[in-house]
Amino acid sequence: MKLNIAVLPGDGIGPEVTKQAKKVLEAIAYQFNHTFIFKEALVGAIAIDKTGEPFPQKTLDLCLNTDAVLFGAIGDPKYDNDPSAKVRPEQGLLKMRKDLGLFTNIRPVKAYTQLLDKSPLKREIIEGADMTIYRELTGGIYFGKKHISNDGKTASDLCEYHEFEIERIAHSAFKAAKNRRKKVTLVDKANVLESSRLWRKVVTKIAKKYKDIKLEFLFVDNAAMQMILNPTQFDVILTSNLFGDIISDEASVIGGSIGLLASASVGEKYAVFEPIHGSYPQATGKGIANPIASILSAAMLLEHFGLLEEATLIHSAVEKSLELQISTPDINKKSKFSTTKVGDFIADFIENPDDSNINYHNIHIGQSTII
Ligand code: IPM
Ligand code: MN
């Protein structure tokens, strides 16, 4: 298969982790005889520095003319500490989501057997947890009318949803549940919010078309508690933009590190694949950022194009790295493995999946990965 892939490394650790994901995709191309053509463009704070815009027209044009986008991270402390900044890196990400119509954000979360003791949650609570969050991405309070009064003392953000916005993501969530454990949990705040009541009404109507799928409802406050009390109850979680943002960060604790969580943002025509972690400025350039979230986002990209065997191989390589503790310090505090070394191991494994000659002892003393 030939794929044109736009690479938007962005800020902070974005470039470091994206480089590893690209390396892994190159290993897949080599192993399976695909052609992946990568083109880079600017986004985020670095794009503001160079062009004055967080998502320049040139970047949009590239995204509109490629098969998929591999996104790194955006954000810089110089904007976080300045609420009066008129142009912010986050606007670039939101503009990209809106301009490309990426209304469905898919965030898979699972407890890896190899990492059960790395999570701050007890092993017996997280063991077997495996869920996918379907977060609505181009509507709700993120994109509703914003207002600040002239005296600067009153502000508001409108949370508005239209029926069609709920319908299209609900269909995606129910379809996903068909291939999983056949359960959808709608997370909302229907006891208080009118927009949540619309979600319940629309999702209940759609559920009738998916007779084999069980639909449950949870208020978001309860869902936040259930997520750490009994996460194995969840299969597919369907929710609005803001609730999905919050609950997916919370869910990342189950996996042991936010550095493991990948995501896909898809619409009718375009798709972007990105780690859910941010730009982690404190780690920039230190070689300690976990590349796995970006690498697994690349696996989601392959799945999106039906390259399932390829995606499975990436998953096996990642699991092998976790099993052998070839991990960055977020997973293993005493780790000697850098971002690049983890990426090298995963790419090597892909190019030599049946190679029983990998010298695991040498890996840990920092020598060559293959004898
Ligand atoms: C995410 C991020 C973004 C969001 C920020 C950076 C705007 O937190 O992708 O989850 O809130 O959607
Ligand atoms: Mn977030």
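Counting starts at 1 for both ligands and their atoms, following the listed order. Just so you know, these numbers come straight off a predicted model, no measurement behind them.
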Give the numbers and elements of all ligand 1 atoms closer than 4.0 Å to a heavy atom of [X].
X      : value
Arg97  : 1 (C), 4 (C), 9 (O), 12 (O)
Asp245 : 1 (C), 4 (C), 8 (O), 10 (O), 11 (O)
Arg107 : 1 (C), 9 (O), 10 (O)

Identify the protein heavy atom lying closest to [atom], giving its residue, its atom name and the separation to 0.1 Å.
atom                    : answer
atom 7 (C) of ligand 1  : Glu90 CG, 3.9 Å
atom 11 (O) of ligand 1 : Tyr142 OH, 2.5 Å
atom 5 (C) of ligand 1  : Leu93 CD2, 4.2 Å

> For ligand 1, which part of Arg135 has a heavy atom less than 4.0 Å away: the side chain, the backbone, both, or neither?
Replying inline: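 The answer is the side chain.
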> Counting only heavy atoms, which portion of Gln91 has something under 4.0 Å from ligand 1: side chain, backbone, both, or neither?
Replying inline: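 It is neither part, as no heavy atom is under 4.0 Å.
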> Is a donor on one side and an acceptor on the other found under 3.5 Å between the side chain of Gln325 and the backbone of Ser327?
Replying inline: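 Between the backbone of Ser327 and the side chain of Gln325 there is no qualifying donor-acceptor contact (under 3.5 Å).
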> Do NZ/NE/NH1/NH2 and the carboxylate oxygens of Lys182 and Asp212 come within less than 4.0 Å?
Replying inline: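 Here Lys182 does not pair with Asp212 in a salt bridge, since their nearest N and O are not under 4.0 Å apart.
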> Charged N to carboxylate O under 4.0 angstrom, Lys320 versus Glu323?
Replying inline: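 Between Glu323 and Lys320 there is a salt bridge, with a charged N closer than 4.0 Å to a carboxylate O.
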Would you say [Y] and [X] are linked by a side-chain donor-acceptor pair, where the criterion is simply a distance under 3.5 Å?
X      : Y      : answer
Glu136 : Tyr161 : yes
Arg107 : Thr132 : no
Asn4   : Thr66  : no
Asp157 : Tyr142 : no

>> If the contact criterion is a heavy-atom separation under 4.0 Å, does Ile276 count as touching ligand 1?
In response: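 Contact check Ile276 vs ligand 1: negative.
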> Of all the N, O or S atoms in Asp245, which one sits nearest to the Mn ion (ligand 2)?
Replying inline: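 Asp245's closest N, O or S atom to the Mn ion (ligand 2) is named OD1.
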